[in-house]
Amino acid sequence: MDTPLSTIAVVGLGTMGTGIAEVLARAGHEVIGIDISDEAAARAVASLESSTARAVERGRITEEERGDVLARFRTFDGLRAAAEAELVIEVVPESYEIKQQVFRELDGIVSPTAILATGTNALSVTRLAAESLRPERVLGLHFFNPAPAMKLVEVVSSVLTAPPAVEAVTALARSLGKEPVAVGDRPGFVADGLLFGYLNQAAAMYEANYASREDIDAAMRLGCGLPMGPLALLDLIGIDTARTVLEAMYAESRDRLHAPAPVLRQLSDAGLTGRKAGRGFYTYESPGSQTVVPDAPTPREGAAATAGRAVRSVGVAGSGTMASGIAEVFAKAGYDVVLAARGQEKADAAKARIAKSLERSVAKGRLTAGARDEALGRITAAGSLDAFADVDLAVEAVAEDLAVKQQLFRTMDKVCRPGAVLATTTSSLPVVAIARATSRPQDVIGMHFFNPAPAMKLVEVVRTVLTADDVHATVREVCVEVRKHPVDCGDRAGFIVNALLFPYLNNAIKMVEEHYASLDDIDAAMKLGGGYPMGPFELLDVVGLDVSLAIEKVLHNEFRDPGLAPAPLLEHLVAAGCLGRKTGRGFREHARR
């Protein structure tokens, strides 16, 4: 199998097959494109002509080089054309029957040394290999869409795959400018194995009417820095495709997190498969369009029926990073702020932290010296909650401990004037349990900022069954005033972001526990294949393993799903004091600051 792989056949010229063919032809390989549809073949040729023409216009290649690329791509309607190929990559529909038929026919056509690669992201490579006459030359080669742009390629070995075949396609992937990641054979592999569980949970969250599609997508984009929200991504991938992948994953794992949400079946059966159909979770201008158009569930501008209460002054309780950040946000937006801590010294230290933050903004040109001075002048540091007597909105940002927060709210209940809104920044505790510590639970609401508060645009607005309508309206109006994006959600563990983020992180840890993939390969897969700004283990070390474990325990206790039980490896690391960057060691070693 020690071949140069100079001639490569691509079977199936849909979007993915066309993209792979383009990557190969541009890299100098002779590409044999095969599809039973003449229309698909014509579209593939037209796509390559169009993309190479754009490359010439942009000065990336010459007209002569374009001609060479186009000459290297030939299309055919039968598998016989693959006879001269040293590598065949199939990207036909995700069906065992279709793929097995392709592999059976190829067995009688290609040379004994040719490598056969499946582009599946959901089906068993081992099962496909076992049907072949020479299973040692069969493996998975999973590109990501769009193939010309996405760097990740998962190289999937079965127990039958010969190492030289893996080495050959790994070298090919690197020569194409891709980042190959070696993984074993299980549904979804690394990237999709983590991604589709998260997408499925988002679909279930929407189906349960917990949050709107717009709020779910905005929360994950703004709260996690993702390029797309999960429901928009499902529409892009294809809801039918997602359902197929999840069904394969569930058949293997029997993990309820992989059992497709019923809404995926309902949309698929109705033909509402996403962008390609013109409608999925969202409605599009036309089939294939990426332009979203308003439909019945689209929120109407100015539709709020209740006016909020007037807010001119804000109290922030706490002296840590989050409290300081929230106080800075309100002061920069023009509010008078009382920053109260346990003692004047702590309050002064918190204000000094804000002064340093504002100074950094001036140094970076984001803030003028005058604006800095005005913002700092609006902040009063106080050593007691008694200073909250006249505030219109009181926001607590103290330790994530229910008893501590309840005691603080009892104090604010006594100190704050009637009609003041009382907000908690909890990320995991029941807001209603905090609200009931007061004599006015109707005035209490969750206002979950993300760290660092001055930079992060998202605020989860969490109303309980007792929260008054005008309190909810007040907080949404205030969020807009301080240039944050509010998303509405109910009072349940994890709200939107943590409820979707931490099961994904937990599943990544389980992959390492099972020796399925390395930390580095998993992080690379999610950054390169999913567009995540950080890999899961990078993020866990930044968040703190103790914080992550606490949130995962809360989620498990709330939903009682065995799949949400914290990974033992996480518990062991926390018990050993390996908490991430803050201790110098978590999943990786870090320089102590």
Salt bridge flag under 4.0 Å for residues [X] and [Y]:
X	Y	result
Arg243	Asp269	yes
Lys405	Glu396	yes
Asp520	Arg588	yes
Asp541	Arg585	no
Arg174	Glu179	no
Arg186	Glu514	yes

Is the shortest heavy-atom distance from the side chain of [X] to the side chain of [Y] under 4.5 Å?
X	Y	result
Phe495	Val461	no
Leu545	Phe587	yes
Lys582	Asp546	yes
Leu231	Tyr282	yes
Glu94	Thr120	yes
Pro536	Asn507	no
Pro260	Arg265	no
Tyr516	Ile522	no

[X] [atom1]: over 12 foreign heavy atoms closer than 6.0 Å:
X	atom1	answer
Arg279	CZ	no
Lys510	NZ	yes
Arg436	CZ	no

Minimum heavy-atom distance [X]-[Y], with the two atoms named:
X	Y	value
Ala242	Leu234	CB-CD2, 3.5 Å
Ala218	His485	CB-NE2, 3.6 Å
Met447	Cys479	CE-SG, 3.9 Å
Pro227	Gly530	CG-O, 4.1 Å
Arg137	Ile115	O-CG2, 3.4 Å

* Asked: For the residue pair Phe450 and His448, does the interplanar ring angle fall in the parallel (under 30°), tilted (30 to 60°) or perpendicular (over 60°) class?
  ->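 Correct class here is tilted.
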
Query raised in the report: Do Asp185 and Ser124 have a side chain donor and acceptor closer than 3.5 Å?
Result: yes

Checklist line | Pair His472-Thr467, side-chain donor/acceptor within less than 3.5 Å | finding: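 There is no such pair (donor and acceptor under 3.5 Å, judged by atom type) between the side chains of His472 and Thr467.
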
How long is the straight-line distance from [atom2] of [Y] back to [atom1] of [X], given to the nearest 0.5 Å?
X	Y	atom1	atom2	result
Asn121	Thr118	CG	OG1	9.0 Å
Ile20	Asn145	CD1	CG	9.0 Å
Ile239	Arg275	CD1	CZ	12.0 Å
Glu400	Ile551	CD	CD1	7.5 Å
Glu460	Thr426	CD	OG1	10.5 Å
Asn498	Glu552	CG	CD	10.0 Å

Side-chain donor-acceptor pairs under 3.5 Å in residues 152-161, sequence neighbours left out?
residue	atom	partner	partner atom	Å
Glu154	OE1	His142	ND1	2.8
Glu154	OE2	Val190	N	3.1
Glu154	OE2	Ala191	N	2.9
Ser158	OG	Leu160	N	3.0
Ser158	OG	Thr161	N	3.4
Ser158	OG	Thr161	OG1	3.2
Thr161	OG1	Val138	O	3.0
Thr161	OG1	Ser158	N	2.9

Keeping the roles fixed (side chain from Asp523, backbone from Phe537), state whether a donor-acceptor pair exists under 3.5 Å.
yes

Output, in order, the C-alpha distance, side-chain angles, deciding distance and verdict of side chain to side chain contact (heavy atoms under 4.5 Å, CB included) for Phe196 and Leu257. CA-CA 9 Å; Phe196 278 88; Leu257 298 178; over 6 Å; no

For the side chain to side chain contact (heavy atoms under 4.5 Å, CB included) test, which of Val497, Leu539, Leu500 pairs with Cys224?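 Checked Val497, Leu539, Leu500 against Cys224; only one passes side chain to side chain contact (heavy atoms under 4.5 Å, CB included): Val497.
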
- Task: Please step through side chain to side chain contact (heavy atoms under 4.5 Å, CB included) for the pair Phe281 and Leu264, ending with a clear verdict.
- Result: CA-CA 9 Å; Phe281 286 99; Leu264 299 178; 4.0 Å; yes

Task: Option from Asp240, Asp235, Thr15 for which side chain to side chain donor-acceptor pair (under 3.5 Å) with Lys276 holds - done: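 Per the side chain to side chain donor-acceptor pair (under 3.5 Å) rule, the option paired with Lys276 is Asp240, out of Asp240, Asp235, Thr15.
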
Quiz prompt | Pair Tyr532 and Tyr504, ring centroids less than 6.0 Å apart | solution = yes

Q. Do Lys99 and Glu90 pass the salt bridge (Lys or Arg N to Asp or Glu O under 4.0 Å) test, and can you show the C-alpha distance, the side-chain angles, and the key distance before you say yes or no?
A. CA-CA 8 Å; Lys99 290 181 186 290; Glu90 71 75 16; 2.9 Å; yes

Notebook entry, point to check: How far apart are the C-alpha atoms of Asp217 and Tyr206, what are their side-chain angles, what is the distance that settles it, and do they pass the side chain to side chain contact (heavy atoms under 4.5 Å, CB included) test?
Noted result: CA-CA 10 Å; Asp217 280 353; Tyr206 171 73; over 6 Å; no

